[in-house]
K.L.:
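Have a look at this one before I ask anything.
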Amino acid sequence: MFVEVIIPLALPKNYTWSVPPHLLDAVQPGVRVEVVLGRNKKYAGIVKRVLPSKPESFQPKDILNVLDPEPLLYTSQLQLWEWVADYYMCSEGEVMQAAVPANLKLSSESVLIWNEAAGYAPSDLSDAEYLVTEALELKKELRLSEVQQLLDAAVVYPVIKKLIEKNICYVWEELKQKYKVKTETYISLAAAYRNEDQLADLLNNWSRAPKQMELLLAYLHLVKTAGEVTKAELLKKSGASDAQLKGLLEKNILVAEKRAIDRISPLPRNIAIDFTLSPAQEKALAAIRETLEHKQVTLLHGVTASGKTQIYIKLIEEQIMQGKQVLYLLPEIALTAQTIRRLQKHFGGYIAIYHSKFNPNERVEIWNKVKSGDIKVVLGARSALFLPFRELGMIITDEEHDASYKQQEPAPRYHARDTAIYYASLFGAKVLLGSATPSVESYFNCMQDKYGLVTLAERFGDAGLPAIELIDIKKYPAKPKPVFTPPLIDAIQASLDAKKQVIIFQNRRGYAPYQVCDTCGWIPQCRDCDVTLTYHKTRNQLVCHYCGTIYPVIQTCLACGNHHFTQKNFGTEQVEELLGETFPEARTARMDYDSVKGKHDHDALIKLFEQQRIDLLVGTQMVVKGLDFEHVNLVCIVDADGILNFTDFRVNERAFQLMEQVSGRAGRKDDEGKVLIQVSNLQHPVLQFVKDHRYAELFEFELHNRKAFDYPPYTRLIRLVFKHREKHIAEEAAHIMAQGLKTHFGKYLSGPAQPVVDRIRNQYLWEILLKLPKDSRFIHQCKKEIHQQTVIIQSNKRYRAVVIQPDADPV
DNA sequence: AGCACGCCGACT
DNA sequence: GTCGGCGTGCTC
């Protein structure tokens, strides 16, 4: 018998191994098997299917072992992997990398074993070699990682190579399972004393060891109230010592037992729905149920604070009642303690949280519990899609428009929203997309009647939509360009006086986005990217916001040698600084990629703001995600031009989403929410829509524009960057690509899309490649990238790059 | 992903 | 003349 195995590597296809007779009964699709690939590398792969006949073109090797008594996942997951690999142009092994928690992907770890038999002469060894030899003689074996701690990382491999040559040690390859069950010791009464008489007998005839008796009594008391007693709990509650317990254990009065416990804190498994829906919500819920009767996917377009989550909760409850599982997807950033608490309150022990930053042991536990059907609801980021659901009833994709649903690096470059739709179809499950600002592609699918559409236009409770006011920046002195206009300052002051909070939105990090040489107008740019360098005052550095490269502050103009630069425009750092100067008595904080490095910083800052220990919060788009601030009554968009003034109309959708999301932060509880937008082009179409929260019309506008440009409605962003030392080559490449895209996107508008687009893209890429100079490294890289959804091509530092970034396509 | 093989430039 | 860098291809 033979098996096709998925190995967690980017192999061009799956390989086949043969099964020795004694393992025949153990193999089945979904189990892990230990196999040798290449010379002596061992991997734990997953059996995709069992093949009856021997392959012809090669001689398969035997599998070494079967690692699982039962499959790790169901066939629906294997189907999903196959689809993702095909659709997003990667190998199934790469999908496996993303899907399976590290602790289930056994790691091959090389261990150096001390060769007892061989002697050595210290004079023959270099310092580094001697160091390792000594350690080996002492410990008999060393892991490679330990050697690395011992030596300078750069010389590890050469030194080991030498030692092996000198026969001082050898390498042992072994597969190790890292996942360990966490156990806890439980204490219980020995069987002999389980009945009342015997226990009374024991207590009445107690002699000596009064301390032990104390502990025993404490145990008896505890067991009455708690039911089960752990060792740690008992010792803590009774204040007893280990010795006392040991005595009782030795006398066989109490017994200790180690039990595996769950890492996930056990919550009662009940559902507590303690709210009622508003009439508008009830109506939306009924509409969702109805559309889902005959459509697989429905989009819930609900303005911010319209209470979408409560509708989700009702739907989740229904699914649990039917014994089905639910996957609730959120963008990673929105997975805050706040959201989690909210869901946990209603679903207690039925729910699990899952995202890639979880510790590996917890991930394995959730994996197993989802597989067994123990967990009914998973609240997770995109990686939660790969959990082995058993009976999936529904997938909810909240904040459906969020770009972070698309994985960019590494492969598989999948879009969680679209993958979710496919995954759900395998179960016959329903999908609910939710957003206050749906993506154009989802909206388009509604218009095409492919998805159902339910709109929830009013905010929950008495809250109204915030009033949006435009401030004409041209009315105020042009230089220096004002960061805060007088009306804005007044409004902030009014909020401060009313003890309210303000969010100031500026979608640019750093202090100054670029700087200009006063004499010749030269602007410092990144060496590798076509991007100006942003000055960061706190770090006193120049940073490329595209690739992240850091440069020292430039004192001398590289073009003319002069020393005077002018800082142009402003970023969050400068806004924060100016706020401090303008409102010295207010408490100000900044929230952007630089100020919140870890996840904890983010949570901590949110907490501070929630508790009203911050009055003014400056931030980039980070402030628009996953926050529910009750005391905010003013949101300021300081520099709307910075979001709107692109020649590329395709940015409109993004600009609208940003503004709409920002304005959604204002005035959630009371009616006084206000949004101030400082802008120079008051006539900008996006602003007209934003002003009245008219999403549908913006969409019509977008669609119309895109049609006029032969541009497909549901490919949101295609960016082409061509660079070449020789300008005409770059231009030619750009031209060919643009032509190709234009000719074929007409067809794309009316037909099933993605495969076509991929073929076209590849075809034209090849054409470009043929015209470019024969640079083997460049061509090779291109070939490699062509197999990926996102094409990023570059060749070293001096590069020509083709960046094509198509968004994922609805299924 | 690793690893071997092979092809060119910098050295004993 | 060899050492060693990297580019290329292969692993059932």
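Labels below follow one simple rule: chain letters A, B, ... track the order of the sequence lines, proteins then strands, and each chain is numbered from 1.
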K.L.:
Any chance the side chains of A/E400 and A/S439 put a donor and an acceptor closer than 3.5 Å?
P.N.:
yes
K.L.:
Rounded to whole Å, please give me the gap between CZ in A/F58 and P in C/dC10.
P.N.:
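Computing the A/F58:CZ to C/dC10:P distance gives 15 Å.
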K.L.:
Grab the CD-C1' distance between A/Q97 and B/dG2 for me, whole Å please.
P.N.:
13 Å
K.L.:
Is any side-chain heavy atom of A/Q407 closer than 4.5 Å to one of A/H415?
P.N.:
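No, their side chains stay 4.5 Å or more apart.
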K.L.:
Reckon A/I7 touches a base, only the sugar-phosphate, or nothing at all at heavy-atom distances under 4.0 Å?
P.N.:
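Contact class for A/I7: none.
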K.L.:
Quickly work out the A/K61 NZ to C/dT11 C1' distance and round it to whole Å.
P.N.:
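Distance, rounded to whole Å: 7 Å.
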K.L.:
Tell me: CD1 of A/I6 to P of C/dC12, nearest whole Å?
P.N.:
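To the nearest whole Å, that distance equals 17 Å.
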K.L.:
How are the rings of A/F427 and A/Y423 set to each other: parallel, tilted or perpendicular (split at 30° and 60°)?
P.N.:
perpendicular
K.L.:
Let me know the distance between CZ of A/R49 and P of C/dC12, rounded to the nearest Å.
P.N.:
19 Å
K.L.:
In whole angstrom, give the distance that lies between atom CG of A/D62 and atom C1' of C/dC12.
P.N.:
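Taking CG of A/D62 and C1' of C/dC12, I get 12 Å after rounding.
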K.L.:
Roughly how many Å is it from NZ in A/K48 to P in C/dC12, rounded to a whole number?
P.N.:
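Atom-to-atom, A/K48 to C/dC12, this comes out as 19 Å.
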K.L.:
Check the distance between B/dG2's C1' and A/Y43's OH and give it to me in whole angstrom.
P.N.:
6 Å
K.L.:
Could you tell me whether A/V36 contacts a base, only the sugar-phosphate backbone, or nothing, with contacts defined as non-hydrogen atoms closer than 4.0 Å?
P.N.:
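Sugar-phosphate contact only - A/V36 comes under 4.0 Å of backbone atoms but never of a base.
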K.L.:
Between A/F386 and A/Y414, does the ring centroid distance fall short of 6.0 Å?
P.N.:
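That pair passes the under 6.0 Å test.
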